[in-house]
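All remarks here apply to the structure that follows.
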Protein chains: 4
Amino acid sequence: MPSKLRKQADIEKKQKTKKNLLDSAIKVFLLKGYHKTKISDIVTKAEVGQGTFYRYFNSKREIFEELLKELTEEIVLEFSSGNLNMKITPKTFTEYMDMSKAAFLQLVPIIDRNKDRVQLFLRDASTIDQDFEDEINEIFDQFVLLAKYYLDNAIENNFIRKCDTKIVAELIIGIVIHTLKNWLNNKYNNLHIEELVIESIKLVFLGLKI
Amino acid sequence: MPSKLRKQADIEKKQKTKKNLLDSAIKVFLLKGYHKTKISDIVTKAEVGQGTFYRYFNSKREIFEELLKELTEEIVLEFSSGNLNMKITPKTFTEYMDMSKAAFLQLVPIIDRNKDRVQLFLRDASTIDQDFEDEINEIFDQFVLLAKYYLDNAIENNFIRKCDTKIVAELIIGIVIHTLKNWLNNKYNNLHIEELVIESIKLVFLGLKI
Amino acid sequence: MPSKLRKQADIEKKQKTKKNLLDSAIKVFLLKGYHKTKISDIVTKAEVGQGTFYRYFNSKREIFEELLKELTEEIVLEFSSGNLNMKITPKTFTEYMDMSKAAFLQLVPIIDRNKDRVQLFLRDASTIDQDFEDEINEIFDQFVLLAKYYLDNAIENNFIRKCDTKIVAELIIGIVIHTLKNWLNNKYNNLHIEELVIESIKLVFLGLKI
Amino acid sequence: MPSKLRKQADIEKKQKTKKNLLDSAIKVFLLKGYHKTKISDIVTKAEVGQGTFYRYFNSKREIFEELLKELTEEIVLEFSSGNLNMKITPKTFTEYMDMSKAAFLQLVPIIDRNKDRVQLFLRDASTIDQDFEDEINEIFDQFVLLAKYYLDNAIENNFIRKCDTKIVAELIIGIVIHTLKNWLNNKYNNLHIEELVIESIKLVFLGLKI
DNA sequence: CATGAATGAGGATTCATTCAT
DNA sequence: CATGAATGAATCCTCATTCAT
């Protein structure tokens, strides 16, 4: 009986169509911006019928939501996998600095795999509605909290000078996000992101003092 | 003849109406976001007829453009007035740091006077169209260039360590903008912006080293 | 007391303003067509305020009506003055033909004085509303009736061949109007209207036969 | 798979809807005039939604344009099919006259099939914009050129008297168009168009001479 | 399940007309 | 009397969404 195979094929086809729509959506969103993008732009890009869109998503907002969800899930996964946690307890200022560098560099592959999405969310998400703005801010805040936790820890262990760790954590995340945006906008044309990370870490840890 | 007085009165009335529309627009934009704002929202807020809007602006984009223009003009004025330039040549690292602090603090009143606009542009301008995104980036770039100029100068005079001044300038502006956004979003509820500036400068100049 | 003089001056000024508006209106109507013309176009051309228009006319239709009235009155005057009537009873076919030629040539100066109006009415009047279409047709019909009267007369006197004078009268007026339109559109660039009249009369009276 | 049949059915449906809109448009245009007609009048007549109009046409002007295009194409087809050319070389003045009569009579069925359109264009087209006025004039000019060609030919063969063929051709077309307008306006209530053609030809060829 | 024609509510835009100065 | 700023009704036009095939 082919019915089972048929069903399997159907499911695969459906998943393919959905992925096709998601991929098309992100391309168009990125090019025209979320607000200027029409459903018809997405289905034209995906080369499917207008009605097909509504078999998979209820609205433009929903497909955007799903795009964001995929990204945040990947980040959360990376977080919860413990990859971002310090595995070795640093013993010196330099070790602590190197470890921080390593922590940021671990995020690079995720961002590299999701360049389009990251760029889209950094630009458009906060202008859609309050819920999205909140969600974006929550993600940022998590990074801030993580950074603060490290900073507090480092001060306790006397690796770094005393400071208002809440503010400094925000400043660090501020650097990261702005740098990321510039990099995604190809502002540092021939520069590898690793170099940016290294220079950032050096600035934060060593400052500009000779 | 009263014709001249009449005309004068008319001109003042027109300017008042236009200002009313601009003020109303910024309030509504800020509350609902540029994209969700309808012309009818603006005229309702301004308590004028729908047609009145079109006597002064051709579209929603145009009124936004004018709001941006007013802000950039004020900034450019501040720039060109030389207020942002170093007046005293610093002689030591500390003098240089203090001077930088002072430079940033000079921007604070402009931002304070234009809180709404600044917040609006940082959030919405880049999502309207490419032209706006470019314009915003151009403004940022000017600050980056200024920062780079100072950095180059400081390195030449041996006040600070050698570094890739282009990147570091971007990092500094990144800190500033992100901090600004957070502050405008009332993230640092009870914190004075001066404290943020001071902490930022300290981070950039001294790093986290003990 | 200057009050009387003042009043006189006021009246003259009013007449001047009204004439200014009428002249401006016809120019704009001719250029953009009645329907595409806005009141604002007319007052801009006349260099008066928007409100001034409404001191003299209640609507766009009314100013058009007045323009038409002036023309029809002039034509009616010419008619009633008897200028268009045969003064001499023709005695031969040739005399009759010459007389007809003269009758048409008498209309030339009126048309020449009112070129703009004639062109405007021939093009736009019938598209404004039924009343205007009727009025235009009535004018045409009067000419047709006149022509028919002459034709009947001529047949009775054995100057011309028998024919359906209603139809032929219409045909003759058709020739005249179409020729007029072409001439007003500068289709016969270097041709004097007299030549057109002569050729027309020749065609109607003599046909193409050798 | 039914996809092909489906598509076929869709295409037919679309064509039907479009035709429905075109038919409705012409009816409303004719009744209210082009300028007084609103898009909503057309869709109400066609009994479709407002948005449906915009699936097929971008504006009122565009649907009018398409109506005109259909008519001109039919005329051009008739022209190029050679039906309007002389098939038999006339040998006498009478033969030439009969042939001319036949030529005009050949146009009658086209006009009869397209009464509405012809009437619409003769009345409204020239009041829409310059482009339309030009297009209309071009069509008239083609007929003038054809008439002139015949006249030149006839003079060469000594069938008719010498004359300014350009002017006379214009005069003839003027007769035709004016007559046509009157006929379409039901001015000759009980008169068959053939009678009009015959009387016109007689006038042009034989004149009024006995 | 896929399709795309049809829909109409929502929002933008125009312009004749009013009226306070 | 002249003015032109203000008005809002009228109309255009878009596009997310539905639904019959």
Side-chain angles (χ1 to χ4, degrees), chain A residues 6 9-11 13-14 17 36-44 47-61, chain B residues 1-3 5-18 36-43 46-61, chain C residues 6 9-11 13-14 17 37-44 47-61, chain D residues 1-3 5-18 37-41 43 46-60:
Chain A
R6 172 69 193 287
D10 271 4
I11 289 169
K13 201 178 165 192
K14 272 185 74 173
T17 306
K36 284 248 181 74
T37 298
K38 293 171 267 177
I39 304 292
S40 69
D41 294 327
I42 298 171
V43 298
T44 302
E47 293 180 309
V48 298
Q50 188 96 346
T52 307
F53 179 91
Y54 287 90
R55 307 209 123 270
Y56 295 94
F57 310 100
N58 289 310
S59 66
K60 189 165 72 159
R61 197 194 184 282
Chain B
M1 289 305 284
S3 124
L5 281 172
R6 165 73 201 288
K7 249 176 201 160
Q8 184 57 33
D10 271 1
I11 288 168
E12 270 163 32
K13 201 179 171 193
K14 270 185 83 168
Q15 283 178 337
K16 223 169 139 186
T17 306
K18 187 169 183 179
K36 286 247 180 71
T37 299
K38 290 167 273 174
I39 304 292
S40 68
D41 294 328
I42 298 171
V43 298
E47 292 179 308
V48 298
Q50 187 93 351
T52 306
F53 179 90
Y54 289 94
R55 285 186 58 72
Y56 295 93
F57 311 99
N58 289 310
S59 64
K60 192 167 68 161
R61 194 194 185 283
Chain C
R6 171 71 191 285
D10 271 1
I11 289 169
K13 200 179 167 194
K14 272 185 74 173
T17 306
T37 298
K38 293 171 268 177
I39 304 291
S40 69
D41 294 327
I42 297 171
V43 298
T44 302
E47 294 179 307
V48 299
Q50 189 95 349
T52 307
F53 179 90
Y54 288 91
R55 307 209 123 269
Y56 295 93
F57 310 98
N58 289 310
S59 65
K60 190 166 67 159
R61 195 192 185 285
Chain D
M1 288 309 286
S3 123
L5 282 172
R6 166 71 201 288
K7 248 174 201 161
Q8 185 56 30
D10 271 1
I11 288 169
E12 271 165 32
K13 201 179 170 191
K14 271 185 81 168
Q15 283 177 338
K16 224 169 135 184
T17 305
K18 189 170 182 178
T37 299
K38 291 168 273 173
I39 304 290
S40 67
D41 294 327
V43 299
E47 293 181 306
V48 297
Q50 185 94 350
T52 306
F53 178 90
Y54 290 94
R55 284 186 59 71
Y56 295 93
F57 311 100
N58 289 311
S59 64
K60 191 167 68 160

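Basis for what follows: all heavy atoms, side chains included, without hydrogens, waters or symmetry-related copies. Convention: sequence-line order gives letters A, B, ...; per-chain numbering from 1. The structure displayed is predicted, hence computed values, not measured ones.
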Of B:Phe53 and A:Gln50, the one whose closest DNA chain F nucleotide lies more 5' = B:Phe53

Per D:Lys14 side chain, nearest of listed nucleotides E:dA5, F:dA6, E:dA16 = E:dA5

task = Look at the side-chain N and O atoms of B:Tyr54 and state whether any lies under 4.0 Å from the OP1 or OP2 oxygen of E:dT14.
result = no

inquiry  = Please confirm whether the shortest side-chain N or O distance from D:Thr17 to OP1 or OP2 of E:dA5 is below 4.0 Å.
reply    = no

query = Given E:dC1, is OP1 or OP2 found less than 4.0 Å from the side-chain N or O atoms of A:Tyr56?
reply = no

request  = Considering just the side-chain nitrogens and oxygens of B:Lys38, establish if one lies under 4.0 Å of OP1 or OP2 belonging to E:dG11.
outcome  = yes

ask   = Which one is paired to E:dC1, where only Watson-Crick or G-U wobble pairs with both distances under 3.5 angstrom count?
value = none

request  = For D:Asp41, report the nucleic acid contact type (base, sugar-phosphate, nothing); a contact means any heavy atom under 4.0 Å.
outcome  = nothing

remark   = The Watson-Crick or G-U wobble partner of F:dA16, with both key distances under 3.5 Å, is E:dT7

message = Counting only side-chain nitrogens and oxygens, does A:Ser40 get under 4.0 Å of the OP1 or OP2 atom of F:dC15?
response = no

remark   = Here the distance between atom C1' of F:dT17 and atom CZ of D:Arg55, to the nearest Å, is 13 Å

ask   = Nearest to the side chain of D:Thr52, which nucleotide is it out of E:dT7, F:dT3, E:dT17?
value = E:dT7

query = What does F:dA10 pair with, Watson-Crick or G-U, if both distances are under 3.5 Å?
reply = E:dT13

request  = Have a look at C:Val43 and say if it touches a base, only the backbone sugar-phosphate, or nothing, with a 4.0 Å heavy-atom cut-off.
outcome  = nothing

